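Throughout, protein chains are lettered first and strands after them, A, B, ... in sequence-line order, and every chain is numbered starting at 1. On a predicted model such as this, the values are computed, not experimentally measured, just so you know.
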Amino acid sequence: MDAQDLFRKLGAGAKFDFKRFGKDAERFKKKDGSGADVLAGIDFFGTGKRDVSGCDEDFQQCQKESGEEVDEDAGVETDQPLRPTKRKRGVEAATLKICKKKKKNVKSRKQGALSVLCFSVNRIRHQNRIHVRGTDLPDPMATFEELQEEYKLDPRIIQNLQAAGFQNPTPIQMQAIPLMLHRREILACAPTGSGKTVAFCLPLLAHLRQPANRGFRAIIISPTRELASQTHRELLKLSEGLGFRVHIIDKGADAAKKYGPKSAKKFDVLVTTPNRLIFLLKQDPPTMDLSSVEWLVVDESDKLFEDGKSGFREQLATIFLACSSSHVRRALFSATFTMEVEGWCRLNLDNLVSVNIGPRNSAVDTVDQELLFVGTENGKLLAMRDLIKKGFLPPVLVFVQSIDRSRELFHELVYEGINVDVIHAERTQQQRDNVVTSFRAGKIWVLICTALLARGIDFKGVNLVINYDFPTSAVEYIHRIGRTGRAGHKGKAITFFTEDDKPLLRSIANVIKQAGCPVPDYMTGFKKMHSKLKRQLQKRPPRRTTIRTMPRFLRTKGGASRKRFVGADALAAAEREVPV
DNA sequence: GTGCTCG
């Protein structure tokens with residue numbers, strides 16, 4: 001155990017109050033002459049000078065992009081401003097290690113070559129906005145082919161990648177894949193639609209090497225069945241021809257027979273929602289055994305860490321405990337970052353590495369974002385009808401805040417002569433599956449949905465996201481609008497707001513502004529919201545009146561001809577553009 | 001407020 005390990009063990013979860021002890025630290029440095037940071041080769045107090053100039057850049061960029069200047073209201077959870085020690089220590093130690101590793105290969109002109117190598121790794125990270133924190137970090141990869149040489153990845157996986165249209169690794173894939181191939185436990189945050197699924201699926205397959213009959217060796221947990229089934233499909237694509245048995249729990253009842261103690265354990269990877277898995281674990285005797293699990297991936301980790309009564313968190317804890325192997329590795333992924341998850345990871349994961357791509361908790365800049373004041377609740381329906389009347393480019397996703405409201409809005413729009421449907425957790429699984437399939441096939445133009453579809457779902461070619469009801473937090477907003485503008489494509493998001501939504505307007509306006517979309521100054525100038533109020537809002541969104549049909553005198557104005565509601569262009573486009 | 005087993 002080196003000094004760093006020791007410090008990590010002793011100081012797990014500890015915060016260094018720089019404000020309080022900064023003076024003492026200075027004194028200590030002066031008295032000691034050489035400085036405290038020299039003590040263990042670590043900059044404990046964040047005051048020491050770093051000797052490798054090129055390596056500092058990454059840190060500064062991270063600091064800047066982490067949104068330190070963004071107010072807390074934005075739901076942008078940042079590191080506390082005066083806690084630089086840990087972060088600096090990590091980055092610095094990381095870069096130092098890289099230099100050390102490279103040192104072996106460099107014989108002449110040590111210093112010069114050293115900084116060049118250091119610089120090139122840093123440049124890759126810098127150019128791709130990869131911010132990484134931890135010790136003993138493997139270099140990011142630049143191409144998928146490198147994996148074949150460096151990690152002996154099965155060439156068939158690379159073929160599958162290419163067949164699926166993945167040419168070059170995205171930033172998150174560049175860094176997360178080598179890390180996981182080194183069996184490192186990671187917390188990874190990367191924007192919506194930036195390739196997180198491949199980032200964790202590929203190392204899983206690589207690490208399993210070949211099918212085995214020891215039971216599940218890798219598990220992926222998703223917050224919704226729709227996301228689980230999407231990830232499952234993605235895994236099948238990547239593992240084609242390799243013989244892996246990739247499973248999804250379709251029905252708990254069947255699964256009991258399939259995976260129980262009498263089964264031949266002929267399976268490798270499981271994708272599931274938490275409660276189905278727990279159902280199997282809690283059978284007597286258990287019909288699921290997780291003792292062979294070597295990789296546990298938590299997708300949408302911040303959602304699955306959500307606390308509260310009947311929240312996901314307890315379920316996740318049960319699953320963590322059931323993965324009883326001492327060799328189990330864990331990886332957590334999400335588009336959004338919370339201090340809670342990070343804190344947990346620091347305390348519970350082994351030699352944690354944090355990877356962040358770009359600024360934390362930000363919306364993608366490929367989405368054209370618009371805030372639309374609609375006055376009152378009735379104004380929303382008017383605005384919605386107006387949008388439909390003007391013509392729109394399907395497919396469109398419309399988010400509302402509750403199941404009841406999704407039903408109500410559906411009843412209002414179903415007579416408009418457009419192909420509209422609705423999805424929420426109280427529809428049957430069959431209905432849910434049908435809706436998703438139809439929407440993917442372009443048969444549904446407007447899909448009304450609850451938070452069920454807010455995270456992870458990859459509908460290719462969603463042109464417009466409408467936030468009919470204001471999101472309950474900036475994080476929720478980022479995920480919702482992330483259903484469009486994926487993988488570099490353009491998208492549009494329109495968010496309705498009324499007087500009632502004023503409390504959260506500022507934080508969401510800040511997210512929009514940060515992504516480079518215009519926002520009126522007065523919105524970001526609002527007073528910051530108390531964090532207490534913020535929590536209340538997340539639990540109890542503003543009460544809204546029922547979505548109902550306009551008074552007759554308003555309706556007849558635009559409602560005479562149903563056909564006119566969808567513009568001719570939109571109709572043609574709907575037929576042309578069939579989303580995958 | 002949303003989502004997460006079975007019957």
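Of the side-chain N and O atoms in Arg432(A), one or more sit less than 4.0 angstrom from OP1 or OP2 of dC4(B). Listed pair Thr450(A) / dG1(B) fails the phosphate criterion, with no side-chain N or O lying under 4.0 Å from OP1 or OP2. Look at Ser310(A) and you won't find any side-chain N or O under 4.0 angstrom from OP1 or OP2 of dG3(B).
A distance-only check finds no donor-acceptor pair linking the side chain of Arg184(A) to the backbone of Arg329(A) [under 3.5 Å].
Residue Leu277(A) is classed as having no contact, given no heavy-atom separation below 4.0 Å to the nucleic acid. Backbone-only engagement by Arg225(A) is indicated by non-hydrogen atom pairs under 4.0 Å involving sugar-phosphate atoms exclusively. No contact: Thr472(A) has no heavy atom under 4.0 Å from any strand. Among the protein residues, Pro223(A) comes within range of the sugar-phosphate backbone only, with heavy atoms under 4.0 Å from sugar or phosphate atoms but none that close to a base.
Between Tyr477(A) atom OH and dT2(B) atom P there is a gap of 22 Å when expressed in whole angstrom units. Whole-Å rounding puts the Glu300(A) CD to dG3(B) C1' distance at 12 Å. The nearest whole Å value for the distance from the CG atom in Asp299(A) to the C1' atom in dC4(B) is 15 Å. Going from atom CD1 of Ile249(A) over to atom C1' of dT5(B) covers 10 Å, rounded to whole Å. Arg455(A) has its CZ atom 13 Å from the P atom of dC4(B), to the nearest Å. Note: CG (Asn275(A)) to C1' (dG3(B)) measures 10 Å, nearest angstrom. Atoms CD (Gln401(A)) and C1' (dT2(B)) sit 10 Å apart, rounded to a whole Å.
With hydrogens and angles left out, the side chain of Lys282(A) and the base of dT5(B) share no donor-acceptor pair within 3.5 Å.
Heavy-atom contacts from other residues, nucleotides or ligands closer than 6.0 Å to CD of Glu294(A) number more than 12.
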- Query: Going through the checks in order, is the side-chain contact (heavy atoms from CB on, under 4.5 Å) test met by Val446(A) and Phe392(A)?
  - Reply: CA-CA 10 Å; Val446(A) 176; Phe392(A) 59 90; 3.7 Å; yes
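Side-chain contact between Phe470(A) and Arg544(A) is present, with at least one heavy-atom pair separated by less than 4.5 Å.
For Glu226(A), counting side-chain heavy atoms from C-beta on, the closest listed nucleotide (dT5(B), dT2(B), dC4(B)) is dC4(B).
Between Arg330(A) and Asp350(A), none of the side-chain N atoms (NZ, or NE/NH1/NH2) sits under 4.0 Å from a carboxylate O, so this pair counts as no salt bridge.
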